[in-house]
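Encoded as structure tokens, the structure appears first; notes follow it.
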Amino acid sequence: MAVAAAAARVWRPSRGLGRAGLPLLRLLGARGLARSHTHRWQQQRHFSSLDDKPQFPGASAEFIDKLEFIQPNVISGIPIYRVMDRQGQIINPSEDPHLPQEKVLKFYKSMTLLNTMDRILYESQRQGRISFYMTNYGEEGTHVGSAAALDDTDLVFGQYREAGVLMYRDYPLELFMAQCYGNVSDLGKGRQMPVHYGCRERHFVTISSPLATQIPQAVGAAYAAKRANANRVVICYFGEGAASEGDAHAGFNFAATLECPIIFFCRNNGYAISTPTSEQYRGDGIAARGPGYGILSIRVDGNDVFAVYNATKEARRRAVAENQPFLIEAMTYRIGHHSTSDDSSAYRSVDEVNYWDKQDHPISRLRHHLQSRGWWDDEQEKAWRKQSRKKVMEAFEQAERKLKPNPNLIFSDVYQEMPAQLRKQQESLARHLQTYGEHYPLDHFEKQVPPNTLRSQAVLEACSARLLHWAGSLVSPFSTLSYTVFSQGLGEGTSGTGHP
Amino acid sequence: MAAVAASAGWLLRLRAAGADGPWRRLCGAGLPRGFLQSASAYGAAAQRRQVAHFTFQPDPEPVEYGQTQKMNLFQAVTSALDNSLAKDPTAVIFGEDVAFGGVFRCTVGLRDKYGKDRVFNTPLCEQGIVGFGIGIAVTGATAIAEIQFADYIFPAFDQIVNEAAKYRYRSGDLFNCGSLTIRSPWGCVGHGALYHSQSPEAFFAHCPGIKVVVPRSPFQAKGLLLSCIEDKNPCIFFEPKILYRAAVEQVPVEPYNIPLSQAEVIREGSDVTLVAWGTQVHVIREVAAMAQEKLGVSCEVIDLRTILPWDVDTVCKEECFLNLEAPISRVCGYDTPFPHIFEPFYIPDKWKCYDALRKMINY
């Protein structure tokens with residue numbers, strides 16, 4: 001160690017011995033080195049010399065002459081920030097966000113409406129009405145607390161268990177159901193499995209099944225927002241399981257090095273399907289990884305909607321102001337099964353699940369808080385349960401009755417324009433159905449268009465596409481047509497309730 | 001993913017040119033004189049590194065696009081990127097080592113001209129590069145991502161195939177990443193071996209939603225790259241690295257577009273059709289000339305240019321199966337990873353193509 005330090009002194013051109021170093025070392029000779037070496041061993045203190053700092057470009061650190069491995073701190077990890085106790089009482093009044101009653105009631109109604117919708121749609125899958133569903137039981141607080149702290153136009157990249165964010169942004173029940181049923185009203189045109197929601201108007205990027213792929217994408221979007229001076233943050237949700245993917249590592253590193261205004265929001269709910277966190281990672285969760293990338297990080301009680309709100313609010317403010325990423329790890333618990341394809345009693349006890357359902361649930365904690373404030377009572381609870389159930393059932397029945405979209409929608413949107421080969425395949429299917437239609441569930445689908453009409457449709461589409469392209473080229477690049485996802489000019493805005 | 005090996009030829013030359021004192025001393029006086037004897041001293045056993053397996057044929061100077069300038073392929077790429085960044089203020093270029101100009105010099109000068117927020121390095125992570133690029137494109141800005149060698153595109157395969165290609169379709173056209181272009185050096189180079197020689201377009205050729213393009217020359221490269229960048233679908237643009245310096249021709253200075261999904265018949269013929277893309281186009285051009293001279297066979301030569309969606313009409317029709325007088329012959333590398341020292345034996349050179357043609361004529 002001491003020899004290395006001496007060598008460092010010789011070879012470094014700017015300090016110490018400089019050019020004279022090599023000849024000087026020869027003069028000192030081996031004895032000279034040995035003498036200084038012995039001298040250091042005799043000193044019973046840490047070597048520290050002001051003119052002997054490390055020069056490595058890769059790290060900004062001091063030398064140490066004691067061999068010591070850094071102990072990962074997993075016995076007592078990063079502490080969990082919370083505002084309310086499990087009974088909904090504010091612990092430290094200075095952390096109370098002092099939100100108006102109306103807003104807190106919106107938190108409560110969003111979480112409970114989501115819960116009601118989850119129950120009904122889960123059941124509908126059991127009855128074979130929809131093919132698949134994923135509930136959000138126990139994690140409603142993570143969705144609503146964070147969504148409430150954002151601007152309406154902040155872009156959201158989710159994983160698949162963030163329906164509460166859309167609920168808070170007033171995505172209508174009709175559209176949730178339309179996507180799950182894949183009916184004519186589905187904005188996604190019936191192409192994806194249930195719960196793969198997306199909404200351009202509400203700045204919620206369409207969900208995709210591969211895990212963690214959204215993470216580096218969210219970083220790119222944040223970079224574009226920074227360049228556009230959009231004063232917007234991007235939030236990216238993912239679970240603790242998805243955080244093991246390479247894309248998560250990629251996203252964190254890019255966000256930090258490229259200084260992007262992004263909030264990474266990890267829902268640590270204890271399980272990735274059947275895999276508990278003890279088999280997912282060996283370090284101190286996800287929050288501990290943040291500092292490794294140079295990212296400001298915090299761990300919060302995900303079942304405390306005010307803690308989630310406060311952390312997200314502050315992260316948003318600073319991410320936009322300082323153009324740097326933030327990592328929030330929201331600790332919570334997945335009360336439901338992973339999906340309708342899962343039976344979690346195969347890998348966890350009913351007692352464990354009941355504890356979270358009964359003793360530490362974001363909805364009941366908020367309800368206790370509301371009640372203690374005099375903002376809610378049992379009568380209102382009863383009335384709201386009835387009303388929300390009725391709303392969900394109405395939307396559900398309507399969704400059931402609607403037709404599925406036209407099978408022509410198999411062929412569009414693969415590219416912006418439909419290539420000739422796909423047009424031929426589309427016509428081929430239309431012809432096939434003319435002969436073999438009885439073997440297909442055509443009654444449930446919007447009527448097919450005859451093959452020769454498809455061709456004239458194609459001509460119309462090509463003309464309008466050219467017109468749009470020409471129109472687009474007339475507009476300056478910084479108008480609402482580019483960076484469209486960040487403009488406020490599109491659509492009807494997001495302030496309406498959207499459902500009866 | 002060390003890129004040092006294949007680019008070493010260029011980079012070492014650059015480093016030697018601007019070397020510091022100690023380095024030069026080690027190279028020169030430090031070694032015993034005569035240590036490095038000339039190759040001929042070893043007699044017949046010594047072999048020069050191989051000559052290229054093709055001869056680049058420049059196309060005639062284009063007249064319809066205004067003033068032209070002599071450019072090699074990497075300069076044509078730089079010109080296209082320059083035009084794009086000038087025209088489109090949202091356009092950004094990123095990837096490994098693009099800031100200083102890129103390991104193949106495709107981005108030289110662009111950072112100085114357009115700023116460090118528009119031309120920047122990313123960490124060493126292909127899945128991140130493409131994912132990040134998708135995200136930029138989702139907001140509507142133009143993202144031009146570089147993957148340093150096509151051999152390293154595989155970590156980004158998931159982002160390309162599962163995400164970029166399907167973005168518009170799966171969202172019902174609510175979202176798309178059409179303004180993403182991925183460009184990557186491609187194909188054999190004489191000494192690239194397994195990991196600096198690959199032509200992975202086949203992995204992407206059946207992935208609906210993306211476009212895959214391979215140019216044969218500087219003029220084609222600039223026009224096709226500009227079309228990819230402006231195309232409203234995510235595109236992969238593979239640049240034949242062996243042509244970066246070897247291919248030189250007159251290229252228009254102003255921007256111009258060569259349409260995608262249109263093959264080009266570069267030699268008319270009536271007996272046999274030869275189809276290729278990228279570097280191989282120059283190989284089969286020569287094969288066509290050989291066939292005419294030695295066999296009296298008239299060959300049509302087609303540069304496919306866009307691999308996906310490909311120009312079926314120009315190349316063949318489903319009905320053409322009955323019109324063929326011989327089975328279609330594919331001449332390509334062997335079903336092995338790309339070997340280093342054996343490259344001359346591995347590649348589908350003109351003799352193999354000629355032989356396949358000869359067998360086809362005699363079918």
Side-chain angles (χ1 to χ4, degrees), chain A residues 155 157 186-192 196 198-201 205-210 213-228 230 234 246-247 249-251 253-254 257-258 409 412-417 419-422 465 469 476-478 481-487, chain B residues 87-92 94 117-118 120-143 145 155 158-159 162-180 208-211 231-233 261 309-313 318:
Chain A
L155 194 57
F157 284 80
D186 177 21
L187 299 178
K189 300 179 186 170
R191 287 155 184 169
Q192 293 213 81
H196 289 62
C199 182
R200 191 175 180 79
E201 260 181 67
V205 180
T206 303
I207 300 299
S208 73
S209 305
T213 48
Q214 75 275 16
I215 302 178
Q217 292 171 19
V219 177
Y223 188 86
K226 178 171 81 161
R227 277 214 75 232
V234 172
D247 272 343
H249 160 71
N253 202 21
F254 275 55
T257 53
L258 300 174
L409 290 176
S412 53
D413 304 323
V414 177
Y415 297 91
Q416 191 210 35
E417 70 289 349
Q421 280 292 84
L422 271 184
H469 183 81
S476 104
F478 274 117
L481 275 179
S482 37
Y483 289 50
T484 50
V485 187
F486 288 104
S487 81
Chain B
K87 251 192 328 182
D88 177 355
T90 73
V92 291
F94 51 92
D117 61 317
R118 297 187 71 187
F120 53 92
N121 291 339
T122 64
L124 211 167
C125 179
E126 287 75 13
Q127 67 193 102
I129 289 168
V130 174
F132 178 83
I134 292 171
I136 290 181
V138 166
T139 70
T142 298
D158 186 38
Q159 286 284 354
N162 271 336
E163 297 290 314
K166 297 168 168 63
Y167 231 90
R168 189 190 294 275
Y169 188 80
R170 75 188 185 199
S171 70
D173 200 18
L174 292 179
F175 298 96
N176 72 77
C177 58
S179 55
L180 169 67
I210 51 169
K211 297 194 176 181
D231 195 274
K232 305 288 186 217
N233 304 286
S261 295
W310 63 288
D311 183 357
V312 180
D313 288 338
E318 198 178 286

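The figures here come from the full heavy-atom set of this structure, side chains too, leaving out hydrogens, waters and symmetry mates. Chain letters run A, B, ... following the sequence lines, proteins first and then strands; every chain starts at 1.
Among A:G251, A:G198, A:P216, A:S209, the residue with the largest count of heavy-atom pairs under 4.5 Å with chain B is A:P216. Contacts with chain B were tallied for A:H249, A:Q217, A:Q192; A:Q217 has the most, counting heavy-atom pairs under 4.5 Å. Contacts with chain B were tallied for A:I215, A:L187, A:N253; A:L187 has the most, counting heavy-atom pairs under 4.5 Å. Of the listed residues A:S208, A:P419, A:P210, the one with more heavy-atom pairs under 4.5 angstrom with chain B than any other is A:S208. Note: B:P123 leads B:P123, B:G128, B:A143 in heavy-atom pairs under 4.5 Å with chain A. Ranking A:T257, A:L258, A:L409 against chain B, the residue ahead of the rest is A:L258, based on heavy-atom pairs under 4.5 Å.
Ring centroids of B:Y167 and B:F175 are separated by 6.0 Å or more, keeping the two rings apart.
Atom CZ of B:R168 sits about 11.5 Å away from atom OH of A:Y415, to the nearest 0.5 Å.
The closest side-chain heavy-atom distance from B:I134 to B:C177 is below 4.5 Å. Looking only at side-chain heavy atoms (C-beta outward), B:S261 and B:W310 stay at 4.5 Å or farther from each other.
Side-chain contact annotation: A:T206 with A:H196, donor-acceptor N/O pair under 3.5 Å absent. Side chains of B:N233 and A:E417: a donor-acceptor N/O pair is present below 3.5 angstrom, by distance only. The closest side-chain donor-acceptor pair between A:D247 and A:T213, if any, does not fall under 3.5 angstrom.
Residue contact with chain A, scored on non-hydrogen atoms closer than 4.5 Å, involves the backbone and the side chain of B:I129 alike. For a residue to count as touching a neighbouring chain, one of its non-hydrogen atoms must lie under 4.5 Å from one of that chain's; by this rule B:V130 does not touch chain A. Using a 4.5 Å cut-off between heavy atoms, B:N176 makes no contact with chain A at all. Proximity to chain A (any heavy atom under 4.5 Å) is restricted, for B:Q159, to the side chain, taken from C-beta onward. Looking at A:S412, the atoms closer than 4.5 Å to chain B (heavy atoms on both sides) all sit in the backbone: N, CA, C or O. Heavy-atom distances place no part of B:F94 under 4.5 Å from chain A, backbone and side chain included. Interface remark: A:Y223 contributes side-chain atoms only to the contact with chain B (heavy atom separation under 4.5 Å). Contacts between B:A165 and chain A at a heavy-atom distance below 4.5 Å involve the backbone alone (N, CA, C, O).
Seen from the ring of B:F120, B:R118 does not count as a face-on cation partner, given the 6.0 Å and 45° thresholds.
A salt bridge is defined here as a Lys NZ or Arg NE, NH1 or NH2 lying under 4.0 Å from an Asp or Glu carboxylate O, and A:R191 with A:D413 meets this definition.
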